Amino acid sequence: MSSDAVVLTVAGPHGAREIRLSSPSRVLWPKSGITKLDLAHYVIVVGEAFVQANGDRPVSLQRFSGGIDGEQFFSKNPPKGVPDYVRSVPVVYPSGRTHPQLVIDEPAAAVWAVQMNTIVFHPWPSRAELTDNPDELRIDLDPQPGTDFADTVPVANELKNLLADAGLTAFVKTSGNRGLHVFAPIRPTREFLDVRHAVIGAARELERRMPTRVTTNWWKEERGERIFIDYNQANRDRTMAGAYSPRPLLHAPVSCPLEWSELASADPQAFTVLTVPGRLRDNGDPWAAMHEHPGTIDTLYSWWERDLEDGLGELPFPPDFPKMPGEPPRVQPSRARKVD
């Protein structure tokens, strides 16, 4: 064993496990001096809430070989040397291919991922036992140039009301950067494309309610200074940073669940690897009861169908997706005009 390695004891539902952590003094966030060992301790402290939010789901690991300024890559398939308590499940990607993907079921698995230089955890919106059917509706509120976090707050609050109109209970978290993520638990009765269309139905309705603040335009040149509702995050194999996941930015922010009552005064810069453990200890987990009362996407999907009847069709998919039925041309509008 390397002389600078440490062994961490991590409690969990199956008893304590010992995790070997190499290079514990490696600095991951230079500005704040947060090390690999600090990150492992963070994951241990927030472990219960972290696993509740991200566990039992296929997960992609965003790994950094030399801290946030080093090379990075996404690890989806199980790497060599996976412990026997870290399982994987087969998932179908947009290409139609099937591959095994990692699943985190206990804090020790998350600490092992830190040992593998993981900083960001990207869980699927579906459970490991039914990967094709999401049990979370997720909506990404993405500030565009000229807007900031404060501009997402009234949009998130109106989205909460809109989802309530559709029979859904909304939960909110910071993205770990400038945006917000709004989630709603749903029964896993529909596959990804249906959920994508439900998100588009919600996004278009929100755009009608807040036309000067919100946009569903996929092309950046058409968005203006508004909050973009990134409906493509609802696609298969598209993920967001999980709740309590760190982000690779200078101040070591965390994608942090919030109570709706604190959103208006929230400072996303305040939720970091150093501060979130104390917040969780003192205030508890705002998402602890998220999945107690799941709803359905039926009403949102009916909005999608209504818009189809009114002539609003499919929206563009990400460029790496195969051509999808009913999809408009994937041509930037300004380039399309030049061609014409």
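Note that the structure is a prediction, hence the values are computed from the model and not measured. For the numbers below, each heavy atom of this structure counts, side chains included, while hydrogens, waters and symmetry mates do not.
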Could you check Asp38 against Trp29 for side-chain contact (heavy atoms from CB on, under 4.5 Å), going step by step and ending with a plain yes or no? CA-CA 10 Å; Asp38 294 328; Trp29 284 272; over 6 Å; no
Checking side-chain polar atoms at under 3.5 Å, does [X] have a donor or acceptor matched by the opposite partner on [Y]?
X      : Y      : result
Glu136 : His291 : yes
Asn133 : Arg127 : no
Ser95  : Arg97  : yes
Tyr244 : Gln52  : no

Nearest 0.5 angstrom please: [X] [atom1] to [Y] [atom2], how far?
X      : Y      : atom1 : atom2 : answer
Met210 : Thr215 : CE    : OG1   : 13.0 Å
Arg247 : Phe271 : CZ    : CZ    : 15.0 Å
Gln233 : Ile139 : CD    : CD1   : 11.5 Å
Leu130 : Asp135 : CG    : CG    : 8.5 Å
Arg330 : Trp219 : CZ    : CH2   : 9.0 Å
Leu300 : Leu162 : CG    : CG    : 7.0 Å

Residues Asp165, Arg209; criterion salt bridge (charged side-chain N to carboxylate O under 4.0 Å, His left out); working and verdict: CA-CA 13 Å; Asp165 293 343; Arg209 296 185 184 189; 3.0 Å; yes
Count the heavy atoms of every other residue, nucleotide or ligand shown that sit under 6.0 Å from [atom1] of [X], and state whether that count exceeds 12.
X      : atom1 : result
Glu158 : CD    : yes
Arg178 : CZ    : yes
Glu71  : CD    : no

Look at the rings of Phe50 and Phe121 and say which category their plane angle falls in: under 30° parallel, 30 to 60° tilted, over 60° perpendicular. perpendicular
Phe171 and Trp287 aromatic ring geometry - parallel, tilted or perpendicular at 30°/60° bounds: perpendicular
For [X] versus [Y], what's the shortest heavy-atom pair and its separation?
X      : Y      : answer
Val273 : Pro246 : CG2-CB, 4.0 Å
Gly81  : Trp112 : O-NE1, 4.1 Å
Val46  : Val276 : CG1-CG1, 4.5 Å
Asn235 : Pro318 : ND2-CD, 3.3 Å
Ser32  : Ala252 : OG-CB, 4.3 Å
Arg138 : Pro123 : NH1-O, 2.8 Å

Under a single-linkage definition using a 4.5 Å side-chain heavy-atom cutoff for Ile, Leu, Val, Met, Phe, Trp and Tyr, are Val45 and Leu21 assigned to the same hydrophobic cluster? no
Is a donor on one side and an acceptor on the other found under 3.5 Å between the side chain of [X] and the backbone of [Y]?
X      : Y      : answer
Arg238 : Tyr231 : no
Ser255 : Thr174 : yes
Asn54  : Gly242 : no
Arg63  : Met116 : yes
Thr131 : Val91  : no
Asn117 : Lys36  : no
Gln62  : Ser60  : no

Residue of the set Lys76, Gln101, His99 for which side-chain hydrogen bond (donor to acceptor under 3.5 Å, both in side chains) holds with Tyr93: Gln101
Go through the steps for Trp304 and Glu314 under the test side-chain contact (heavy atoms from CB on, under 4.5 Å), then give the verdict. CA-CA 10 Å; Trp304 156 261; Glu314 186 61 272; 4.0 Å; yes
For Thr296 and Thr189, what are the C-alpha separation, side-chain angles and deciding distance, and is it a side-chain contact (heavy atoms from CB on, under 4.5 Å)? CA-CA 8 Å; Thr296 75; Thr189 58; 5.6 Å; no
Electrostatic pair Arg204-Glu207, nearest N-O below 4.0 angstrom: no
Quick one: do Arg226 and Gln144 satisfy side-chain contact (heavy atoms from CB on, under 4.5 Å)? Show the steps, please. CA-CA 6 Å; Arg226 291 176 287 182; Gln144 299 303 291; 5.7 Å; no
Given salt bridge (charged side-chain N to carboxylate O under 4.0 Å, His left out), test Glu129 with Arg87 step by step and report yes or no. CA-CA 12 Å; Glu129 290 72 26; Arg87 64 174 170 138; 3.4 Å; yes
Do Met240 and Ser175 touch side chain to side chain, with heavy atoms closer than 4.5 Å? no
